[in-house]
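Down below is the structure, laid out as structure tokens.
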Number of protein chains: 2
Amino acid sequence: MMREKIQIKKIDYLPARQVTFSKRRRGIFKKAGELSVLCDSEVAVIIFSQTGKLFDFSSSRRVRCTFD
Amino acid sequence: MMREKIQIKKIDYLPARQVTFSKRRRGIFKKAGELSVLCDSEVAVIIFSQTGKLFDFSSSRRVRCTFD
DNA sequence: TCCCCTATACTTAGTAA
DNA sequence: ATTACTAAGTATAGGGG
């Protein structure tokens with residue numbers, strides 16, 4: 001298969017960018033949940049997609065994130 | 001070394017918990033930065049450690065996170 | 001959009017400093 | 001608190017449905 005390591009720069013091809021967005025968003029939310037449990041801490045993540053959709057994760061109701 | 005896969009539950013031993021907190025926090029911030037660049041989106045993460053210290057990452061000044 | 005798959009890149013547990 | 005090391009666990013690119 002010989003994937004080459006990816007560069008951290010905007011993915012130009014829209015379908016690929018959308019797929020990556022979906023996968024990595026899930027990955028971050030998972031990591032956030034794990035960190036909060038493992039380390040007994042509170043974690044919140046907010047993501048605003050390019051298309052204007054908002055996604056968020058919070059380990060606690062005490063945490064709030066907003067965009068201007 | 002024979003590590004066994006870790007369980008996602010609070011790490012009891014404080015020094016180990018602190019080390020994991022430090023490592024995973026960095027990991028999440030890195031992932032957040034990558035996601036924002038790769039997918040041209042805005043991402044913010046806020047973490048409140050058990051000891052009361054606040055850590056945050058934001059890909060944009062438009063993003064704000066707070067704790068009650 | 002989401003899930004499945006696999007090979008590979010990446011993250012991290014355990015440890016010491 | 002953080003970081004370096006390295007083995008092993010995990011996330012994910014690319015491709016298919």
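Chain naming here is simple, since letters A, B, ... match the order of the sequence lines and numbering starts at 1 in each.
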**Q.** Step-by-step side chain to side chain contact (heavy atoms under 4.5 Å, CB included) determination, K23(B) to T20(B)
**A.** CA-CA 5 Å; K23(B) 290 178 179 176; T20(B) 291; 5.8 Å; no

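Nearest-nucleotide assignment on DNA chain C puts the 5′-proximal partner with T51(A), out of T51(A) and K23(A).
Hydrophobic cluster membership differs between V19(B) and V43(A), with clusters built from Ile, Leu, Val, Met, Phe, Trp and Tyr side chains linked at under 4.5 angstrom.
Less than 4.0 Å separates DNA chain D from no heavy atom of any residue of residues 8-15 of chain B. For the segment residues 28-40 of chain B, residues with any heavy atom less than 4.0 angstrom from an atom of DNA chain D are, sorted by number, K31(B).
For dT12(D), the OP1/OP2 oxygens have no side-chain nitrogen or oxygen of T20(A) closer than 4.0 Å. At the phosphate of dC2(C), OP1 or OP2 sits under 4.0 Å from a side-chain N or O atom of S22(A). For dC2(C), the OP1/OP2 oxygens have no side-chain nitrogen or oxygen of R26(A) closer than 4.0 Å. The phosphate of dA13(D) (OP1 or OP2) has a side-chain N or O of R24(A) nearer than 4.0 angstrom.
Side-chain contact of S41(A) with Q50(B): a donor-acceptor pair under 3.5 Å is absent, judged by distance alone. Residues S49(A) and T51(A) have side chains that bring a donor and an acceptor to within less than 3.5 angstrom of each other.
Protein atom CD1 of I6(A) is 12 Å distant from nucleotide atom C1' of dT8(C), rounded to whole Å. Following rounding to the nearest Å, Q18(B) (CD) and dA16(C) (C1') show an atom-to-atom distance of 16 Å. Protein atom CZ of F21(B) is 13 Å distant from nucleotide atom P of dT3(D), rounded to whole Å. As a whole-Å value, the separation of R25(A) CZ from dT12(D) P is 12 Å.
Side-chain atoms of L14(B) and Q18(B), non-hydrogen and from C-beta on, do get closer than 4.5 Å to each other. Inter-residue side-chain proximity for L35(A) and F21(B) is flagged as met; some heavy-atom pair is nearer than 4.5 Å. Residues K9(A) and L38(B) form no side-chain contact, since every pair of their non-hydrogen atoms from C-beta on lies 4.5 Å or further apart. Counting heavy atoms from C-beta on, the side chains of V45(B) and F29(B) come closer than 4.5 Å.
Although no hydrogens or angles enter the test, the distance criterion places a donor-acceptor pair under 3.5 Å between the side chain of R17(B) and the main chain of D12(B).
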